[in-house]
K.L.:
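Next up is a structure, given as structure tokens.
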Amino acid sequence: MAFKIKKIDHIQLAAPKGCEEAARNFFGEILGLMEVEKPEELKKRGGVWFEFGTFQLHIGVEDPFTPAKKAHPAFVVENIEELKKHLNKYEITFQEDDNLPGASRIHVNDPFGNRLEFLEWE
């Protein structure tokens, strides 16, 4: 091929109108992602962007909104047991899943009902 896909630049999750503060609380305050400023032209669409490592997570407004229940991003974490304790502290429920050999993983719903996966490879 004359082209090559190099990496993922960002992940976008949909959220309802007015989602920004809940997104900042969950993704920024609870999960510790750093908010990054959206380009001026895109600010009028609503939503909020975050950054972690060399990736970005974009929360975009969708109307009408339907949460993603099956499709999901999967985040590799270091020390998933501490993440579980942290989520419990904020009363955020998660489902443990031991169906992937070699990985400890959990599934969490964001404040809008989108499915998120967090995993740590053994």
K.L.:
Examine distances only and state if a side-chain atom of E120 and a backbone atom of I80 form a donor-acceptor pair shorter than 3.5 Å.
P.N.:
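Yes; judged by distance alone, with no hydrogens or angles, the pair exists.
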K.L.:
So do the side chains of V108 and F118 get within less than 4.5 Å of each other, counting heavy atoms only?
P.N.:
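Counting from C-beta outward, V108 and F118 do come under 4.5 Å.
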K.L.:
Taking N114 for its side chain and P67 for its backbone only, find out whether a donor-acceptor pair lies under 3.5 Å.
P.N.:
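Here the side-chain-to-backbone pair does not exist.
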K.L.:
Does K69 NZ have over 12 foreign heavy atoms under 6.0 Å away?
P.N.:
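More than 12 within 6.0 Å, yes.
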K.L.:
Examine the side chains of Q12 and H10 and answer whether a donor and an acceptor come within less than 3.5 Å of each other.
P.N.:
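There is no such pair (donor and acceptor under 3.5 Å, judged by atom type) between the side chains of Q12 and H10.
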K.L.:
If you measure from CG on L42 to CD on E37, what distance do you get to the nearest 0.5 Å?
P.N.:
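It comes to 11.5 Å.
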K.L.:
I'd like to check N109 versus F26 (side-chain heavy atoms, cut-off strictly below 4.5 Å). Are they in contact?
P.N.:
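Not in contact.
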K.L.:
According to side chain to side chain contact (heavy atoms under 4.5 Å, CB included), who are the partners of Y90, at least two apart in sequence or on a separate chain?
P.N.:
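So Y90 forms a side chain to side chain contact (heavy atoms under 4.5 Å, CB included) with I30, H86, I92.
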K.L.:
Does R105 reach the side chain of N99, with side-chain heavy atoms less than 4.5 Å apart?
P.N.:
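The answer is yes; the side chains approach within 4.5 Å.
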K.L.:
Hydrophobic clustering (ILVMFWY, side-chain heavy atoms < 4.5 Å, transitive) - are W49 and M34 grouped together?
P.N.:
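As far as the 4.5 Å side-chain criterion goes, W49 and M34 are connected within one cluster.
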K.L.:
On a heavy-atom basis, which atom in E62 and which in A14 lie closest, and how many Å separate them?
P.N.:
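Answer, listing the atom of E62 first, then A14: OE1-CB, 3.6 Å.
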K.L.:
Under 4.5 Å between any side-chain heavy atoms of E96 and K84, yes or no?
P.N.:
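Answer yes - side chains close enough.
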K.L.:
State the CZ-CG distance between F52 and L57, to the nearest 0.5 angstrom.
P.N.:
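Here the interatomic distance stands at 6.0 Å.
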K.L.:
Among the clusters formed by ILVMFWY side chains lying less than 4.5 Å apart, do F50 and I11 turn up in the same one?
P.N.:
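Yes; tracing contacts between hydrophobic side chains, which count when under 4.5 Å, links both residues.
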K.L.:
With V61, which residues qualify under side chain to side chain contact (heavy atoms under 4.5 Å, CB included), at least two apart?
P.N.:
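If we apply the side chain to side chain contact (heavy atoms under 4.5 Å, CB included) test to V61, skipping adjacent residues, the hits are K17, C19, E20.
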K.L.:
Let me have the donor-acceptor pairs involving side chains of residues 71-78, under 3.5 Å, with sequence neighbours excluded, atom names and distances please.
P.N.:
unit_1, atom_1, unit_2, atom_2, d
H72, ND1, K70, O, 2.8
H72, NE2, E117, OE1, 2.8

K.L.:
Taking a hydrophobic cluster as the set of Ile, Leu, Val, Met, Phe, Trp and Tyr residues connected by side-chain heavy atoms closer than 4.5 Å, whether directly or through intermediates, do I106 and L100 fall within one such cluster?
P.N.:
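They do not share one cluster, since no chain of ILVMFWY contacts under 4.5 Å joins I106 to L100.
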